[in-house]
Amino acid sequence: RMKTHSFLIKIIIFSSVLGLFVVPPLFVKFPHDFSWNFPYMGILYASAAGVLYFAEKTKKSQYKFINFIKDSANMWIALGEICITAAIIELGAVFLKYKNPVQCSIFPNTTISFLFCMMSFACSAFYEEVIFRSFLPESSKEIVSSIINFCKNGESDKLPLFFSYLLEIAVCLTFAFSHRYLGIPAILNAAFAHIFFRICYIKTSSIWTNTTAHFIYNILTLFLMKYV
């Protein structure tokens with residue numbers, strides 16, 4: 001009964017996250033307003049992600065700054081891979097004369113709007129890393145593994161690699177297409193970013209290295225869009 005109860009709770013939480021945070025962005029058709037007001041929704045989303053992340057008492061709660069220093073090499077590698085990939089995709093878009101859906105300048109024009117922009121970047125980086133690099137891949141694998149083991153009369157086996165890769169691809173595509181309102185280059189960029197960040201997370205088991213790299217990448221993109 002305990003296992004069934006725990007499984008049902010996991011299904012409810014997973015379904016709630018899908019319905020509230022994952023599915024809605026897939027249906028956004030137009031770029032949102034980049035006026036950089038106080039990020040109420042960003043803070044709300046980041047808070048929800050924080051609850052999900054810290055709810056389980058695992059190694060996550062024991063992660064220390066010294067571990068962050070040790071894991072920083074993987075962070076910089078992921079960031080470098082993403083920057084190089086983004087540059088190649090952008091060059092391809094220029095060569096093909098692709099028209100970006102975001103035509104207006106998104107760079108903050110006041111000090112307070114710049115501060116709100118940084119807050120928004122920090123919240124979105126943390127939120128996306130928790131949901132897409134940690135929660136969705138790991139929870140989906142746990143749920144599918146439980147279902148398969150149940151069908152095998154309770155035998156406890158590891159999740160077959162086929163299903164593991166299939167779920168990883170599904171999460172990657174979901175994250176990529178949640179950026180479709182920004183255009184095809186953004187979809188490709190998001191897909192590669194997910195792959196590199198996911199690999200970084202698997203190597204470090206730390207959401208903080210990913211969040212930092214994601215935050216830095218967002219800032220670099222902001223300045224490149226203004227000055228390049």
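For clarity, every value in this text was computed on a predicted model and none was experimentally measured. The residues of the chain are indexed from 1 along the displayed sequence. Computed over heavy atoms, backbone and side chain alike; hydrogens, waters and symmetry mates excluded.
- Contacts of Arg180 classified as side-chain hydrogen bond (donor to acceptor under 3.5 Å, both in side chains), with partners at least two apart in sequence or in another chain: none.
- Atom CG of Leu79 and atom OG of Ser72 lie 12.0 Å apart (nearest 0.5 Å).
- Other residues sharing the hydrophobic cluster of Tyr40, ordered by chain and number and joined by side-chain separations under 4.5 Å: Phe38, Ile43, Ile112, Leu115, Phe116, Met119.
- Under a 4.5 Å side-chain heavy-atom criterion applied to ILVMFWY residues, the cluster that includes Ile202 comprises that residue alone.
- Pairs engaging residues 115-132 under the side-chain hydrogen bond (donor to acceptor under 3.5 Å, both in side chains) rule: Glu128-His214, Glu129-Arg133, Glu129-Asn210, Glu129-His214 [sequence neighbours left out].
- The side-chain hydrogen bond (donor to acceptor under 3.5 Å, both in side chains) analysis of residues 12-21, with sequence neighbours excluded, yields no pairs.
- Residues Phe135 and Tyr53 keep their aromatic ring centres 6.0 Å or farther apart.
- Legend: residues meeting side-chain contact (heavy atoms from CB on, under 4.5 Å) with Glu168, ordered by chain and number and at least two apart, are Pro137, Lys141, Arg198.
- Every residue two or more places apart in sequence or in another chain was checked for a salt bridge (Lys or Arg N to Asp or Glu O under 4.0 Å) with Lys203, and none qualifies.
- Across every non-hydrogen atom of Phe21 and Ala48, the tightest pair is CZ-CB, 3.7 Å.
- What you find for Ala125 and Thr211 is that their closest heavy atoms are CB-O, 3.7 Å.
- When all heavy atoms are compared, the tightest approach of His194 to Phe132 is CE1-O, 3.2 Å.
- The side-chain heavy atoms of Leu136 and Phe14, taken from C-beta on, include a pair separated by under 4.5 Å.
- Transitive grouping of hydrophobic side chains (ILVMFWY, heavy atoms separated by less than 4.5 Å) keeps Val17 and Val51 in distinct clusters.
- With sequence neighbours left out, the side-chain hydrogen bond (donor to acceptor under 3.5 Å, both in side chains) criterion links Thr110 to Ser113.
- Note that OG1 of Thr212 and CH2 of Trp76 are 8.5 Å apart. Values are rounded to the nearest 0.5 Å.
- Side-chain contact between Thr174 and Val22 is present, with heavy atoms from C-beta onward closer than 4.5 Å.
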Working for side-chain contact (heavy atoms from CB on, under 4.5 Å), residues Ile219 and Phe223: CA-CA 6 Å; Ile219 295 174; Phe223 278 90; 3.7 Å; yes
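- Of all the heavy atoms in Ala78 and Phe197, the pair that sits closest is CB-CD2, 4.4 Å.
- Here the side chains of Phe192 and Ile82 are not in contact, with every heavy-atom distance at 4.5 Å or above.
- Summarising the hydrophobic clusters (Ile, Leu, Val, Met, Phe, Trp, Tyr; side-chain heavy atoms under 4.5 Å, direct or chained), the residues clustered with Leu161 are Tyr165.
- The closest side-chain heavy-atom distance from Ile77 to Ile199 is not below 4.5 Å.
- Once rounded to the nearest 0.5 Å, the distance linking CG of Asn218 with SG of Cys117 reads 8.5 Å.
- Rounded to the nearest 0.5 Å, atoms OG (Ser164) and NZ (Lys158) are 11.0 Å apart.
- No chain of hydrophobic side-chain contacts below 4.5 Å, direct or via other Ile, Leu, Val, Met, Phe, Trp or Tyr residues, connects Leu224 to Phe95.
- Remark: Val28 pairs with Tyr181 by the side-chain contact (heavy atoms from CB on, under 4.5 Å) rule, at least two apart or across chains.
- For Trp36 and Phe121, the distance between ring centers is under 6.0 angstrom.
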Criterion side-chain contact (heavy atoms from CB on, under 4.5 Å) on Asn74 and Thr209, from CA distance to verdict: CA-CA 8 Å; Asn74 288 304; Thr209 49; over 6 Å; no
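- Leu18 and Ile12 fall into different hydrophobic clusters, defined by Ile, Leu, Val, Met, Phe, Trp and Tyr side-chain heavy atoms under 4.5 Å apart, directly or through other members.
- Here the closest non-hydrogen pair linking Ala190 and His179 is CB-ND1, 3.6 Å.
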Trace of the side-chain contact (heavy atoms from CB on, under 4.5 Å) decision for Phe7 with Ile147: CA-CA 10 Å; Phe7 179 73; Ile147 293 172; 3.8 Å; yes
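- The shortest heavy-atom contact between Tyr98 and Gly183 is OH-CA, 3.2 Å.
- Between Asn189 and Leu182 there is no side-chain heavy-atom pair separated by less than 4.5 Å.
- Remark: Ile184 CD1 is loosely packed, at most 12 non-hydrogen atoms of other residues, nucleotides or ligands lying under 6.0 Å away.
- Between the CZ atom of Phe175 and the CD1 atom of Ile187 there is a distance of 12.0 Å, given to the nearest 0.5 Å.
- At a threshold of 4.5 Å between non-hydrogen side-chain atoms, the residues Pro24 and Leu20 do not count as touching.
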Distance-only check: which donor-acceptor pairs under 3.5 Å involve side-chain atoms of residues 84-92, not counting sequence neighbours?
residue: Thr85; atom: OG1; partner: Glu81; partner atom: O; Å: 2.8

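- With sequence neighbours excluded, no residue forms a side-chain hydrogen bond (donor to acceptor under 3.5 Å, both in side chains) with Tyr45.
- Atom SG of Cys172 is separated from atom CZ of Phe177 by 9.5 Å, given to the nearest 0.5 angstrom.
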